[in-house]
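What follows is a short report on a single structure.
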Amino acid sequence: MAQRFYITTAIAYPNGRPHMGHAYEVITTDVIARYRRLRGDEVRFLTGTDEHGLKIAQAARAEGVDPRAYVDRMVEPFRAMDAQLGISFDRFIRTTDADHKALCQALWQRMAANGDLYLDRYEGWYSVRDEAYYDESELIDGTDSAGKAVRLSPQGTPVEWTIEESWFFRLSAYGDRLLALYDGDPDFIQPASRRNEMRAFVAQGLRDLSMSRTSFDWGVPVPGSPGHVMYVWVDALANYLTGAGGRADELCGEWWPADLHVVGKDVVRFHTIYWPAFLMSAGVALPKRVFGHGHVLNRGEKMSKSVGNVVDPMAMAEVFGVDRLRWFLCRDVAFGEDGSYSDEAIVERCNADLANGIGNLAQRALAMVAKGHGGAMPAAGAGGEGEAALAEALARGTADYLAAMDALAIHRGLEAVMGMVSAANGYFAASAPWTMKQDLAAQGSVLAHALDASRRIALLVQPVMPASAAALLDQLGVAAGARSLADLDARVPAGTPLPPPQGVFPRWAPLA
RNA sequence: GGCAGCGUAGCUCAGUUGGUGAGAGCGCCGGAUUCAUAACCCGGAGGUCGGCAGUUCAAAUCUGCCCGCUGCUACCA
């Protein structure tokens, strides 16, 4: 029976254009989703946008448009990016979707019914200009026009001690249960370094959480409490329930609980402390795992407008091709850690792995088949030591790949695949089929073994490079219905006509 | 400041509970080869395993100190 797998990305905050960080998250999550499908799992993949909150309201107002109109426009580049990058989501959720609003309010009422929400006052240093509270430690000292010493926000705007009515969530009551969760299931938070941080955070004691705002209205209204909108994270996190098919009358949709939330390391806290606490309060099952990925840096530097290194992932995909970008990000960046990218690194990596490795392996065998074997898959003989060694390397590589992918070590999985490529190219060179012109059967056998290695490799890289892998499998004569993990040992029958070879992974010429 | 972690070949990193000769990939150099996308294959280049001092028959792997770096340290997300 097919296993069900519900996977999500964090939802993006569309107060700007999508950047490489967004692309990285949806790509890696897509790879995992496709991998599960390849394994035969029944997958639900959710992604989308987080459209409420102060910053959106401010940005909309700055443009003099309605917030709804603003987000309707801002969401489009995110959709376009997903389409361009081949993101195979099942639903693109927007927190402004009608079904989501209803679910949020139901979730709220469940938490309230459990006695975890209470009305109190939130006090703090508030900047009217920024419409935001700041912690004492964030304030800087300055002087006003009269030369008097005053306290300023990090943006240099004046702040004043303000008291606002707010709903609070009894987060403080959940510390022990959260610690028990982390300790009872070490995989709940990954990587381990993040788990340690979150554990330390909880262990130091939790304060109750301000759950509503009255200073602006762009959010989900708190039921029965006019003037209050929900703290944006309540609304944002709840998207995973809505996306699972949850409704106001039944919070748990058919896909809940999530098997995996893939999120950036910067939002791990919200997903591993607030979110489980909310769910515990509402009496809803917890997600099984939260994975905090690292950030990808442009040449090792954080992207910033002042440095002038903000990269548009769509332009990048345009230049290099979607699959090259996907391959690079998955192969060159250790999943869970920060990584770095540059044009040079992408070209280098893709030329080495794709053009010289995977592509060349297929091409050298296919060319000989086209030339000397009438363009039909030759018969594979029983083979000798060389074939046995190759088979063993392929089996080991496949096992390593599966283990790594199951453990979310995507980069390790691809490393294992490259080991298979290396073994196959080694086998080809050692067998030297081009010297067997006098014995076409022997030559054909070597080619068949090499092509089968290519087939196995192409099968495994499908999650990362869907389009290229499909093109390669076409070249290899693999039937459309024989491309899942279950077909790993299904060799292409001898005699199968193979189309004229065409390089799937052309070498990238030196940058101009 | 507190807590956690890291610092191994030019680059990115592997190195279980301390023990035969310190590794991989990329890049680089040399060789071989010519089926292939000047790719593939083979070999090499030798890095005080951040520094110092210890524990031990034996430490990259344990302890202490020092230097450097990173992350977390809550209500913008």
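Computed from a predicted model, the values in this text were never measured in an experiment. All chains are named by letter (A, B, ...) in the order of the sequence lines, taking the proteins before the strands, and each is independently numbered beginning at 1.
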**Complete:** Assign each of A:E348 and A:S193 the nucleotide of RNA chain B bearing its closest heavy atom; nearer the 5' end lies the nucleotide of A:S193
**Request:** Output yes when at least one side-chain N/O atom of A:K265 is less than 4.0 Å from OP1 or OP2 of B:C72, else no.
**Result:** no
**Prompt:** So, for A:H52 and A:W233, is the gap between ring centers shorter than 6.0 Å?
**Reply:** no
**Fill in**
Judged by nearest nucleotide, the residue sitting upstream toward the 5' end of RNA chain B, A:R269 or A:A236, is A:R269
**Request:** Please assess A:R396 against A:D400 for the test salt bridge (Lys or Arg N to Asp or Glu O under 4.0 Å), listing each intermediate value before the final yes or no.
**Result:** CA-CA 6 Å; A:R396 192 176 55 243; A:D400 289 349; 5.0 Å; no
**Item:** Non-hydrogen atoms of A:G444 and A:P378 that approach each other most closely
**Value:** O-CB, 3.4 Å
Report each atom pair, protein N/O against N/O of nucleotides 28-31 of chain B, whose distance is under 3.5 angstrom.
none

**Message:** With a 4.0 Å limit, can you tell me whether A:R349 has a side-chain N or O closer than that to the phosphate oxygens OP1/OP2 of B:U12?
**Reply:** no
**Asked** At under 4.0 Å between heavy atoms, what does A:D50 touch on the DNA or RNA strands: base, sugar-phosphate, or nothing?
**Response** sugar-phosphate
**Prompt:** Which heavy atom in A:F169 sits nearest to a heavy atom in A:M211, and how many Å separate them?
**Reply:** CB-CG, 3.3 Å
**Prompt:** Where the side chain of A:R412 is concerned, which of B:A14, B:C41, B:A36 is the nearest nucleotide?
**Reply:** B:A14
**Request:** Would you confirm whether the ring centroid of A:F335 sits within less than 6.0 angstrom of the ring centroid of A:F291?
**Result:** yes
**Item:** OP1 or OP2 of B:A39 under 4.0 Å from side-chain N/O of A:R507
**Value:** yes
**Request:** Quickly work out the A:W233 CH2 to B:C76 C1' distance and round it to whole Å.
**Result:** 11 Å
**Message:** Out of the candidates A:L286, A:I189, A:I273, only one should pair with A:L181 under the side-chain contact (heavy atoms from CB on, under 4.5 Å) rule; please name it.
**Reply:** A:L286
**Message:** In this structure, how many angstroms lie between the P atom of B:C40 and the CD1 atom of A:I457, rounded?
**Reply:** 14 Å
**Prompt:** Checking all strands, does A:Y231 fall into the base, sugar-phosphate, or nothing category for heavy-atom contacts under 4.0 angstrom?
**Reply:** sugar-phosphate
**Item:** Stems involving RNA chain B, each a run of at least 3 consecutive Watson-Crick or G-U pairs under 3.5 Å
**Value:** B:1-7 with B:67-73, B:10-13 with B:23-26, B:28-31 with B:41-44, B:50-54 with B:62-66
